[in-house]
Amino acid sequence: SDLDCIGAAIGMQSVMEKSFNLYSKIVVDKTKTMAEKLIDYAEKNIGKDIFITPDEAMKQVTPKTLLIIVDTHLRNSLESPQLYDECKKVIVIDHHRRAVNYIDNALVFCHEPFASSACEMCSEIISCIDDKAIGYAQADALLAGIMLDTKNFVLKTGVRTFEAAAYLRRRGATTINVKQMFSDSIETYREKVSIVCDAKIYRIAKGADGDVRLASAQAADELLTLENVKASFVIYESGGKICISARSFGAVNVQIIMEKLGGGGHQTMSATQLSDINKEQALKMLIEVIDTNLEDASCK
């Protein structure tokens with residue numbers, strides 16, 4: 001299960017519980033999921049009791065149990081094929097292209113291959129059933145699934161995708177919360193960088209040399225994706241000057257820090273240029289300003 005699968009499940013669980021007043025749980029094997037951060041976020045902001053294991057679910061199945069399957073329509077891709085076999089009433093909500101041996105006994109087979117994600121489909125369904133069925137945490141979960149499957153609204157994105165995102169934003173979704181669900185540990189990031197550094201271009205004409213200014217700005221943005229990083233600063237040399245690119249999500253005002261070094265910008269994106277010093281001196285100056293700024297902020 002990924003962010004789209006778990007996000008869609010969180011949305012539908014909320015509808016079943018709040019709109020229809022039904023006992024409703026999300027069945028997930030936490031040892032195999034790729035959505036650990038979303039599950040942790042949901043347990044913290046919605047409740048730890050909304051998730052149960054497949055074994056726990058098997059013990060609770062009755063003839064009246066309704067199983068809602070999201071983000072797949074294949075039995076072999078289910079979290080628990082055995083649970084599906086036990087349940088007599090099934091609903092499928094999926095956006096993947098239909099394959100052979102699909103689940104063909106569903107009471108409702110909601111299949112939209114042109115949709116960006118299962119979360120987009122579930123957002124539309126929820127908005128039609130009960131506009132107040134989800135809160136900010138469920139909206140964050142659904143938006144995370146959309147952002148995952150669209151690669152941040154780049155691929156498979158249509159008008160309905162943006163309408164679903166706008167609906168979730170009205171329901172309280174926060175893009176910063178969602179962005180943090182995609183953050184990596186520094187160890188994972190180093191592995192990723194190592195893979196990129198070892199990559200080779202094949203059958204493509206060699207382009208111009210890299211632009212250190214562009215690379216530094218992109219590196220500062222990329223560093224914000226790491227866990228627990230609230231601000232990033234990249235020091236580089238260009239045109240005989242030492243330059244610093246600064247980025248944040250707003251928790252740290254990098255504009256103030258850069259202004260104290262003779263630069264500027266705004267709260268989340270700023271920069272400066274320093275003359276007649278080297279990188280080591282620039283780093284020392286930057287650290288002193290950061291420490292002073294954070295100490296001043298903590299005293300307010």
Student: For the pair T157 (side chain) and L155 (backbone), establish whether a donor and an acceptor sit closer than 3.5 Å, ignoring hydrogens and angles.
Tutor: yes

Student: Show the numbers, then the answer: is there a side chain to side chain contact (heavy atoms under 4.5 Å, CB included) between F233 and L283?
Tutor: CA-CA 10 Å; F233 302 86; L283 175 60; over 6 Å; no

Student: When you measure from the side chain of S14 to the backbone of A133, do you find a donor-acceptor pair of N or O atoms at a distance under 3.5 Å?
Tutor: yes

Student: Any heavy-atom pair between the side chains of R160 and F114 that's under 4.5 Å?
Tutor: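 F114 vs R160: side chains apart.
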
Student: Let me check something: do V229 and F182 share a hydrophobic cluster, defined by ILVMFWY side-chain heavy atoms less than 4.5 Å apart, either directly or through other members?
Tutor: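 Cluster IDs for V229 and F182 differ.
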
Student: Considering the options V178, I134, D140, which one meets the side chain to side chain contact (heavy atoms under 4.5 Å, CB included) requirement together with L168?
Tutor: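 Exactly one candidate clears the test, I134.
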
Student: Has R98 got more than 12 heavy atoms of other residues, nucleotides or ligands less than 6.0 Å from its CZ?
Tutor: yes

Student: Is there a side-chain contact between Y102 and V92 in this structure, where contact means two heavy atoms from C-beta onward sitting under 4.5 Å apart?
Tutor: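 Of all side-chain heavy-atom pairs linking V92 with Y102, none is under 4.5 Å.
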
Student: Do the rings of F162 and F153 sit parallel, tilted or perpendicular, given the 30° and 60° boundaries?
Tutor: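 It falls in the parallel class, under 30°.
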
Student: Answer yes if L78 and V70 sit in the same cluster of Ile, Leu, Val, Met, Phe, Trp and Tyr residues linked by side chain heavy atoms under 4.5 Å apart, and no otherwise.
Tutor: no

Student: Do M181 and Y136 land in one hydrophobic cluster if side-chain heavy atoms of ILVMFWY residues count as linked below 4.5 Å?
Tutor: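 Both belong to a single hydrophobic cluster.
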
Student: Do N293 side-chain atoms and V289 backbone N/O form a donor-acceptor pair below 3.5 Å?
Tutor: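 Looks like no, no N/O pair under 3.5 Å.
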
Student: For the backbone of R190 and the side chain of S194, can you confirm whether one donor and one acceptor N or O come within less than 3.5 Å of each other?
Tutor: no

Student: Applying salt bridge (charged side-chain N to carboxylate O under 4.0 Å, His left out), name anything that partners D198, two or more places apart in sequence or on another chain.
Tutor: none

Student: Write down the atom of Q180, the atom of K37, and the distance for their closest heavy-atom approach.
Tutor: O-CD, 3.8 Å

Student: Do Q60 and Y23 have side-chain N/O donor and acceptor atoms under 3.5 Å apart?
Tutor: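 Y23 and Q60 do have a side-chain donor-acceptor pair below 3.5 Å.
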
Student: Between atom OG of S248 and atom CG of L224, what is the distance when rounded to the nearest 0.5 Å?
Tutor: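 Reported value, rounded in 0.5 Å steps: 7.0 Å.
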
Student: Is there a path of hydrophobic side-chain contacts, each under 4.5 Å between heavy atoms of I, L, V, M, F, W or Y residues, that connects M285 with L294?
Tutor: yes

Student: Could you tell me whether the side chain of C5 reaches within less than 4.5 Å of the side chain of D2, counting heavy atoms only?
Tutor: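 When only atoms from C-beta onward are counted, C5 and D2 do touch, with a gap below 4.5 Å.
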
Student: After noting the C-alpha distance and the side-chain angles of R171 and K132, does the key distance pass the side chain to side chain contact (heavy atoms under 4.5 Å, CB included) rule?
Tutor: CA-CA 8 Å; R171 297 305 307 156; K132 298 181 180 179; 4.2 Å; yes

Student: Applying side chain to side chain contact (heavy atoms under 4.5 Å, CB included) to Y84 and N105, what does each step give before you reach the verdict?
Tutor: CA-CA 11 Å; Y84 161 71; N105 66 333; 2.7 Å; yes

Student: Is it the case that atom CG in N101 sees more than 12 heavy atoms from other parts of the structure closer than 6.0 Å?
Tutor: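 Result for CG/N101: open.
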
Student: Does any non-hydrogen side-chain atom of Y41 lie less than 4.5 Å from one of K44?
Tutor: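 Not in contact.
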
Student: Going hydrophobic residue to hydrophobic residue with side-chain gaps under 4.5 angstrom, can you get from L66 over to V28?
Tutor: yes

Student: For the atom pair CD1 (I6) and CD (E79), what is the distance rounded to the nearest 0.5 Å?
Tutor: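 Rounded to the nearest 0.5 Å, the CD1-CD separation comes out at 6.5 Å.
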
Student: For atom CG of D291, is the number of surrounding heavy atoms from other residues, nucleotides or ligands below 6.0 Å larger than 12?
Tutor: yes

Student: On a heavy-atom basis, which atom in G264 and which in M258 lie closest, and how many Å separate them?
Tutor: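 Taking every non-hydrogen atom into account, N-CB, 4.0 Å.
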
Student: Indicate yes or no: at least one non-hydrogen side-chain atom of L83 is less than 4.5 angstrom from one of P54.
Tutor: no

Student: Taking C-beta and beyond as the side chain, do L74 and I103 meet within less than 4.5 Å on heavy atoms?
Tutor: no

Student: Between T33 and S1, does any side-chain donor sit less than 3.5 Å from a side-chain acceptor?
Tutor: yes

Student: Does N177 offer a backbone N or O that forms a donor-acceptor pair with the side chain of T174 under 3.5 Å?
Tutor: no

Student: Whether K192 and D184 form a salt bridge (side-chain N of Lys/Arg under 4.0 Å from carboxylate O of Asp/Glu) is what I want to check.
Tutor: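 Counted as a salt bridge, because a side-chain N and a carboxylate O are separated by less than 4.0 Å.
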
Student: Is there a donor-acceptor contact under 3.5 Å linking the side chains of D71 and H95?
Tutor: yes

Student: Give me the atom names and distance for the closest heavy-atom approach of G262 to T272.
Tutor: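 In terms of heavy atoms, the two residues are closest at C-OG1, 3.5 Å.
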
Student: Roughly how far apart are I235 CD1 and I242 CD1, rounded to 0.5 Å?
Tutor: 8.0 Å

Student: Show, in sequence, the C-alpha distance, side-chain angles and deciding distance for L142 and C122, and conclude whether the side chain to side chain contact (heavy atoms under 4.5 Å, CB included) test is met.
Tutor: CA-CA 8 Å; L142 288 160; C122 289; 4.2 Å; yes

Student: Salt-bridge test for E43 and K30: reply yes if a basic N is under 4.0 Å from a carboxylate O, no otherwise.
Tutor: yes

Student: Should side-chain heavy atoms under 4.5 Å link Ile, Leu, Val, Met, Phe, Trp and Tyr, which residues sit in the same cluster as I256?
Tutor: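 None; I256 is a cluster of one.
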
Student: Verify, without hydrogens or angle tests, whether Q267 (side chain) and G250 (backbone) share a donor-acceptor contact under 3.5 angstrom.
Tutor: yes

Student: Any donor-acceptor pair under 3.5 Å linking the side-chain atoms of D149 with those of S117?
Tutor: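 Result is no, nothing qualifies.
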
Student: CG of N228: more than 12 outside heavy atoms within 6.0 angstrom?
Tutor: no

Student: Hey, does I26 have a side-chain heavy atom less than 4.5 Å from the side chain of I10?
Tutor: yes

Student: Could you tell me the separation between the CD1 atom of I93 and the CD1 atom of I68, rounded to the nearest 0.5 Å?
Tutor: 6.0 Å

Student: Do E259 and Q255 have side-chain N/O donor and acceptor atoms under 3.5 Å apart?
Tutor: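 Checked: E259/Q255 side chains pair up, N/O donor to acceptor below 3.5 Å.
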
Student: Looking only at non-hydrogen atoms, find the nearest pair between K241 and S275 and report the distance.
Tutor: CE-OG, 3.7 Å

Student: To the nearest 0.5 Å, what is the distance between NZ on K179 and OG1 on T225?
Tutor: 6.5 Å

Student: Any donor-acceptor pair under 3.5 Å linking the side chain of D4 with the backbone of A118?
Tutor: yes

Student: Of the non-hydrogen atoms in Q281 and D276, which two are nearest, and what is the gap between them?
Tutor: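 Heavy-atom minimum between the residues: OE1-O, 4.4 Å.
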
Student: Are E56 and K25 close enough for a salt bridge, meaning some N to O gap below 4.0 Å?
Tutor: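 No, E56 and K25 are not salt-bridged.
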
Student: Check whether E120 reaches the backbone of I146 with its side chain - one donor and one acceptor, N or O, closer than 3.5 Å.
Tutor: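 Looks like no, no N/O pair under 3.5 Å.
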
Student: State whether the side chain of H73 and the backbone N or O of A99 hold a donor-acceptor pair below 3.5 Å, judged by distance alone.
Tutor: yes

Student: Measure the CG-CD1 distance between L67 and I91 for me, rounded to the nearest 0.5 Å.
Tutor: 9.5 Å

Student: Do F20 and V15 touch side chain to side chain, with heavy atoms closer than 4.5 Å?
Tutor: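 Yes, at least one pair of side-chain atoms sits under 4.5 Å.
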
Student: Where is the tightest heavy-atom contact between A220 and R247, given as atom of each residue plus distance?
Tutor: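 Heavy atoms only, the tightest pair is CB-CG, 3.5 Å.
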
